[in-house]
Engineer: 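Before we start, here is the structure in question, set down as structure tokens.
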Amino acid sequence: MTTENPTSLRIHLTQYLLLRNRLGHNLADAARLLPRYVTYLEELGHSTVTIADALAWCQQPPSPPGSSVWPRRMGAVRGFARYLTGIDPATEVPPIGLLPSRRRWRPPFIYSPDDIAALLGAAAALSSPQRAATYSTLFGLLAATGMRVREALTLDSSDIDWDDGVVLVRESKFGKSRNVPLSDSTAEALARYASLRESFDCTPGNESYFVSLTGRRVIYESVFEVFADLRRGSGIGRQSTVAPRIHNLRHTFAVTVLLQWYRDGEDVAARLPRLSTYLGHRDPRSTYWYLSAAPQLLALAAERLEPTLPQVNS
DNA sequence: GGTGAGAATACGCTTCGGCT
DNA sequence: AGCCGAAGCGTATTCTCACC
């Protein structure tokens with residue numbers, strides 16, 4: 001079974017991706033990276049996945065040593081190789097730990113209330129009234145609810161329950177759906193935009209809540225460019241060592257809620273599951289991740305925990 | 001059973017070139 | 001000018017498994 005030819009390797013790749021997709025995995029990385037890996041093997045005239053070839057391909061320039069790209073490529077190859085072992089026994093599966101991914105922690109930017117006001121003000125001052133309404137409502141929604149950008153952009157008009165003031169987030173990260181309750185002021189802002197939206201020139205069949213000037217659903221890349229302009233123009237984060245990002249609005253939301261609970265003397269551990277559900281996390285362990293975002297919050301947490309710590313000195 | 005570490009996976013950030 | 005979409009890379013969240 002050592003006579004696999006390049007063509008069959010490519011066919012196996014197609015079948016592998018198809019199978020994983022049917023099992024519910026997107027595997028966008030593998031779909032993008034592995035065809036190049038197969039091409040690499042074909043050019044070498046190799047028809048079997050080996051650890052040596054995998055290492056050589058993963059460490060190809062221009063990505064520098066230590067880049068997150070090397071372990072990312074290796075992860076894709078490992079998955080494919082596991083699948084291939086059932087087809088070609090000569091396949092070598094790169095072991096776990098070969099090109100391990102190094103976790104990096106980059107402190108997130110936490111927006112002050114003034115920062116958020118400046119961002120929303122700058123968005124509302126965009127020259128086109130439609131864009132001003134779209135982006136001030138979008139960034140306002142992100143800041144007020146901690147929703148992910150993708151979740152906001154995939155919202156349809158019908159996903160908003162105006163009677164109960166709730167937004168339905170459908171099929172979000174890892175296929176989960178949830179309801180996000182809105183404050184009165186947020187619901188009012190969304191209703192104002194919904195009313196304006198009726199005057200926008202939408203392409204037929206477009207149900208998206210947020211609409212671009214072309215009448216279509218707003219895409220992430222456009223949001224990024226607008227955000228970058230607004231950030232530069234308003235001077236947000238100019239003194240910060242880390243650049244403010246859109247997703248930091250979610251960090252800021254979570255940290256603000258937690259801080260408020262600590263200040264109010266709430267039983268944070270007991271209430272945390274509610275925040276986890278609100279943010280769309282599977283369990284509170286993911287939410288604890290946000291604790292490391294704000295030193296101020298850690299200090300408060302430590303202060304609260306101190307009386308319960310065992311006394312080690314006599 | 002609970003927990004921590006690291007792998008696996010999906011969403012986010014950024015750039016770029018092309019289109020309208 | 002604004003939007004679109006692909007590509008490469010970064011980060012957030014879940015899964016898995018060894019260890020206690």
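It should be emphasised that the depicted structure is a prediction, and the values quoted were computed from it without experimental measurement.
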Engineer: To the nearest Å, give me how far apart NE2 (A/His247) and P (C/dA12) are.
Structural biologist: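 About 6 Å, once rounded to whole Å.
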
Engineer: Rounded to the nearest angstrom, tell me the gap between atom CG in A/Leu153 and atom P in C/dC4.
Structural biologist: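 Rounded to whole Å, this separation is 11 Å.
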
Engineer: From the options C/dC3, C/dA6, B/dA8, select the nucleotide whose nearest atom is closest to the side chain of A/Glu221.
Structural biologist: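 Among the listed nucleotides, the one closest to the side chain of A/Glu221 is C/dA6.
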
Engineer: Would you please name every residue forming a salt bridge (charged side-chain N to carboxylate O under 4.0 Å, His left out) with A/Arg217, sequence neighbours left out?
Structural biologist: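 Per chain and number, A/Arg217 pairs via salt bridge (charged side-chain N to carboxylate O under 4.0 Å, His left out) with A/Asp156.
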
Engineer: Counting only side-chain N and O atoms of A/Ser212, is one of them less than 4.0 Å from OP1 or OP2 of C/dC4?
Structural biologist: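 Checking C/dC4 against A/Ser212, a side-chain N or O does come within under 4.0 Å of OP1 or OP2.
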
Engineer: Give a yes/no answer on whether the side chain of A/Thr214 brings an N or O atom under 4.0 Å of OP1 or OP2 in C/dG2.
Structural biologist: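 For C/dG2, neither OP1 nor OP2 has a side-chain N or O of A/Thr214 closer than 4.0 Å.
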
Engineer: Quick one: side-chain contact (heavy atoms from CB on, under 4.5 Å) partners of A/Pro35, sequence neighbours excluded?
Structural biologist: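 So A/Pro35 forms a side-chain contact (heavy atoms from CB on, under 4.5 Å) with A/Arg10, A/Leu13.
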
Engineer: If you compare every side-chain N and O of A/Arg73 against the phosphate oxygens of C/dG8 (OP1, OP2), does one of them come in below 4.0 Å?
Structural biologist: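 No, outside the criterion.
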
Engineer: For nucleotides 17-20 of chain B, give me every protein contact, N/O to N/O, under 3.5 Å, one pair per line with atom names.
Structural biologist:
none

Engineer: Looking at DNA chain C, which of residues 115-129 of chain A put a heavy atom within less than 4.0 Å of it?
Structural biologist: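 Here the set is A/Ser127.
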
Engineer: A/Tyr209: which residues meet the ring-ring contact (aromatic ring centres under 6.0 Å, His included) condition with it, sequence neighbours left out?
Structural biologist: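 Partners of A/Tyr209 under the ring-ring contact (aromatic ring centres under 6.0 Å, His included) test: A/Tyr193.
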
Engineer: Which pairs, with at least one residue in residues 110-160 of chain A and sequence neighbours excluded, count as a ring-ring contact (aromatic ring centres under 6.0 Å, His included)?
Structural biologist: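 For residues 110-160 of chain A, and leaving out neighbouring residues, the ring-ring contact (aromatic ring centres under 6.0 Å, His included) pairs sorted by first residue read A/Phe109-A/Tyr111, A/Phe139-A/Phe227.
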
Engineer: For the pair made of CZ in A/Arg148 and P in B/dT9, what is the distance, rounded to whole Å?
Structural biologist: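 For the pair A/Arg148 CZ and B/dT9 P, the rounded distance is 18 Å.
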
Engineer: To the nearest 0.5 Å, what is the distance between CG (A/Asn179) and CG (A/Asp161)?
Structural biologist: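 Spacing of CG (A/Asn179) from CG (A/Asp161) equals 8.0 Å.
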
Engineer: Nearest whole angstrom, please: distance from the C1' of B/dG12 to the CD1 of A/Ile246.
Structural biologist: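 So the two atoms are 8 Å apart, to the nearest Å.
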
Engineer: Separation of A/Arg82 atom CZ from B/dT9 atom C1', in whole Å?
Structural biologist: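 Rounding to the nearest Å, CZ of A/Arg82 and C1' of B/dT9 are 13 Å apart.
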
Engineer: Identify all side-chain donor-acceptor contacts of residues 124-132 of chain A below 3.5 Å with residues at least two apart in sequence or on another chain.
Structural biologist:
residue  : atom : partner  : partner atom : Å
A/Ser128 : OG   : A/Gln130 : N            : 3.3
A/Ser128 : OG   : A/Arg131 : N            : 3.1
A/Gln130 : NE2  : A/Val211 : O            : 3.3
A/Gln130 : NE2  : A/Ser212 : O            : 3.0

Engineer: Please tell me if A/Arg150 has a side-chain N or O lying less than 4.0 Å from either OP1 or OP2 of B/dA10.
Structural biologist: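 No, no such contact exists.
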
Engineer: Quickly work out the A/His251 NE2 to B/dC11 C1' distance and round it to whole Å.
Structural biologist: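 My rounded result for the distance is 12 Å.
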
Engineer: Just how far, in rounded Å, is C1' of C/dC3 from CD1 of A/Ile219?
Structural biologist: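 Checked: the CD1 to C1' distance equals 6 Å.
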
Engineer: Taking atom CD of A/Glu207 as the centre, report whether more than 12 heavy atoms of other residues, nucleotides or ligands fall under 6.0 Å from it.
Structural biologist: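 Counting neighbours around CD of A/Glu207, 12 or fewer heavy atoms of other residues, nucleotides or ligands fall under 6.0 Å, so no.
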
Engineer: Rounded to the nearest angstrom, tell me the gap between atom CE in A/Met147 and atom P in C/dA12.
Structural biologist: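 After rounding, the gap between these two atoms is 18 Å.
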
Engineer: Categorize A/Leu213 for me: base, sugar-phosphate, or nothing, with a 4.0 angstrom heavy-atom threshold over every strand shown.
Structural biologist: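 It contacts sugar-phosphate atoms only.
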
Engineer: Answer yes or no: does a side-chain N or O of A/Arg250 lie under 4.0 Å from OP1 or OP2 of C/dT13?
Structural biologist: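 Yes, A/Arg250 has a side-chain N/O under 4.0 Å of OP1/OP2 on C/dT13.
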
Engineer: Counting side-chain heavy atoms from CB outward, which of C/dC3, B/dC11, B/dT14 is closest to A/Tyr135?
Structural biologist: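 Out of C/dC3, B/dC11, B/dT14, the nucleotide with an atom closest to A/Tyr135's side chain is C/dC3.
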
Engineer: Can a side chain N or O of A/Arg216 be found less than 4.0 Å away from OP1 or OP2 on C/dC3?
Structural biologist: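 Answer is no, no contact under 4.0 Å.
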
Engineer: Would you please confirm or rule out a distance under 4.0 Å between OP1 or OP2 of C/dC3 and any side-chain N or O of A/Arg131?
Structural biologist: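 Checking A/Arg131 against C/dC3: at least one side-chain N or O falls below 4.0 Å of OP1 or OP2.
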
Engineer: Report the residues that fulfil side-chain contact (heavy atoms from CB on, under 4.5 Å) with A/Ala152, sequence neighbours left out, ordered by chain and then residue number.
Structural biologist: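 By the side-chain contact (heavy atoms from CB on, under 4.5 Å) rule, A/Ala152 matches A/Leu138, A/Leu141, A/Leu142, A/Met147, A/Phe210.
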
Engineer: Report the C-alpha separation of A/His46 and A/Thr48 in whole Å, then their side-chain angles, then the decisive distance to 0.1 Å, and conclude whether the side chain to side chain contact (heavy atoms under 4.5 Å, CB included) test is met.
Structural biologist: CA-CA 6 Å; A/His46 296 177; A/Thr48 299; over 6 Å; no

Engineer: Among residues two or more places apart or on two chains, list those pairs meeting salt bridge (Lys or Arg N to Asp or Glu O under 4.0 Å) that have a residue in residues 218-230 of chain A.
Structural biologist: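 Of all non-adjacent pairs touching residues 218-230 of chain A, those that pass salt bridge (Lys or Arg N to Asp or Glu O under 4.0 Å) are A/Asp229-A/Arg232.
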
